[in-house]
Novice: 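Below is the structure I would like to discuss, written out as structure tokens.
In listed order, ligands and their atoms are each counted from 1.
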Amino acid sequence: MMVTKTHTKNIPNDIVVIIPTYNESTNISTLLDKLSMAHEVFDILIVDDNSPDGTSKIVEENYVRNLKTIHLLKRDQKLGLGSAYRDGFKWALKKKYQHFVEMDGDFSHTFDDLMHMLTFKDKYDLIIGSRYIEGGKTEGWSRSRKLLSVVANFVAKLLLGIKVNDMTSGFRIYSRDCLEDINYYDTKSNGYAFQIEMTLLACMNKKLIKEVPITFYERDLGESKMSKDIVLEAVKFLIFTKFKKTKNDK
Ligand SMILES: Nc1nc2c(ncn2[C@@H]2O[C@H](COP(=O)(O)OP(=O)(O)O)[C@@H](O)[C@H]2O)c(=O)[nH]1
Ligand SMILES: [Mg+2]
């Protein structure tokens with residue numbers, strides 16, 4: 001099959017897919033090949049934190065030089081997923097993009113789900129790919145991993161009083177207005193808490209949110225960067241936010 005490359009195209013894409021990477025050398029080529037097929041639709045920004053396995057080199061040598069639609073933001077050290085998105089959004093907002101997609105670099109999120117989510121992009125400020133609404137699911141997770149995620153989302157919903165079922169999902173589309181209005185750069189968290197914090201900000205700013213069912217597949221290759229610290233950060237964030245909310249309500 002011939003892959004059409006859009007650097008011959010004159011109209012700039014108004015969607016950018018931002019993918020943070022840390023040690024994704026076993027996934028990145030296949031992922032970019034797959035996403036490149038859809039070049040009509042979006043640009044791609046990889047935010048790499050100086051991965052020791054040379055992820056950014058692969059992106060640079062195979063893609064950035066050849067395809068004007070794939071960009072690479074190289075950072076000096078591993079600063080966390082939230083921080084990678086803050087810098088990615090900042091970079092992308094300076095360009096003319098209107099829609100900003102968050103997507104993992106390990107095939108946990110699928111191209112088909114992305115296409116489905118994009119059909120809602122003009123009607124909503126934030127579209128969340130949700131595992132916890134009808135039609136959504138996770139594949140390949142152990143029972144304990146699943147339980148952790150389900151409980152975290154249940155507790156988050158309960159404590160924050162927000163009607164979003166998958167607040168920790170990292171598969172999303174933000175509109176330009178949404179990012180510009182919510183002070184995303186002031187967020188402090190980096191793991192799952194970052195996704196919760198961004199959801200909370202969108203709610204507080206009365207943004208229109210839509211959850212779209214997705215299937216999340218646990219990665220086959222490479223390693224998860226989830227850690228105790230990331231879980232602890234989310235717990236602390238929820239307790240602190242609830243405490244602040246209760247104080248303000250009084
Ligand atoms: N740039 C950057 N990317 C990260 C960092 N931590 C995780 N990622 C990327 O974020 C995505 C999701 O992380 P992953 O480890 O798969 O988390 P999990 O799916 O919750 O197990 C992957 O593409 C990772 O490479 C980080 O500190 N910096
Ligand atoms: Mg993953």
Novice: Check whether any N or O atom of E24, backbone or side chain, sits under 3.5 Å from an N or O atom of ligand 1, and answer yes or no.
Specialist: yes

Novice: Distance to 0.1 Å, residue and atom name: give those for the protein heavy atom nearest to atom 4 (C) of ligand 1.
Specialist: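 Ranking protein heavy atoms by distance from atom 4 (C) of ligand 1, first comes Y22 CB, 3.9 Å.
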
Novice: Taking 4.0 Å as the limit for heavy-atom contacts, which would you say applies to S224 with ligand 1: side chain only, backbone only, both, or neither?
Specialist: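 For S224, the contact with ligand 1 is made by both the backbone and the side chain.
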
Novice: If you measure every N or O of R219 against every N or O of ligand 1, does any of those distances drop under 3.5 Å?
Specialist: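 Yes; the residue has a nitrogen or oxygen that sits under 3.5 Å from a nitrogen or oxygen of the ligand.
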
Novice: Write out the residue and atom name of the closest protein heavy atom to atom 10 (O) of ligand 1, then the distance separating them to 0.1 Å.
Specialist: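 That would be L81 CD1, 3.1 Å.
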
Novice: Flag the pair E24 and R219 as a salt bridge only when some basic side-chain nitrogen lies within less than 4.0 angstrom of an acidic carboxylate oxygen.
Specialist: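 So E24 pairs with R219 through a salt bridge.
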
Novice: A cation-pi test, strictly: NZ or CZ of K225 under 6.0 Å from the centre of the six-membered ring of Y22 and no more than 45 degrees from its axis. Yes or no?
Specialist: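 Judged by the rule (NZ or CZ under 6.0 Å from the ring centre, within 45° of its axis), K225 is not positioned above Y22.
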
Novice: Below 3.5 angstrom, do we get any N/O pair linking D48 and ligand 1?
Specialist: no

Novice: For ligand 1, which atoms have a heavy atom of A84 less than 4.0 angstrom away?
Specialist: 1 (N)

Novice: Picking from R86, E197, E233, what satisfies side-chain hydrogen bond (donor to acceptor under 3.5 Å, both in side chains) with N190?
Specialist: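 Going through the options one by one, the only one that passes is R86.
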
Novice: Answer side chain, backbone, both or neither: which part of K225 comes under 4.0 Å from ligand 1, heavy atoms only.
Specialist: both

Novice: Identify whether the distance between the nearest side-chain nitrogen and carboxylate oxygen of E60 and K74 falls below 4.0 Å.
Specialist: yes

Novice: Is V47 touching ligand 1 with its side chain, its backbone, both, or neither, if touching means heavy atoms under 4.0 Å apart?
Specialist: backbone

Novice: Taking the six-membered ring for Trp, are Y184 and Y174 closer than 6.0 Å centroid to centroid?
Specialist: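 Ring-ring flag for Y184/Y174: false, centres at least 6.0 Å apart.
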
Novice: Is the NZ or CZ atom of K95 positioned over W91's six-membered ring, under 6.0 angstrom from the centre and within 45° of the axis?
Specialist: yes

Novice: With backbone taken as N, CA, C and O and side chain as the heavy atoms from C-beta onward, which portion of R75 lies under 4.0 Å from ligand 1: side chain, backbone, both, or neither?
Specialist: neither

Novice: Ion pair present between D49 and R75, side-chain N to carboxylate O less than 4.0 angstrom?
Specialist: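 Between R75 and D49 there is a salt bridge, with a charged N closer than 4.0 Å to a carboxylate O.
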
Novice: Hey, which atoms in ligand 1 end up nearer than 4.0 Å to a heavy atom of G80?
Specialist: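 Reading through ligand 1 atom by atom, the close ones are 26 (C), 27 (O), 28 (N).
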
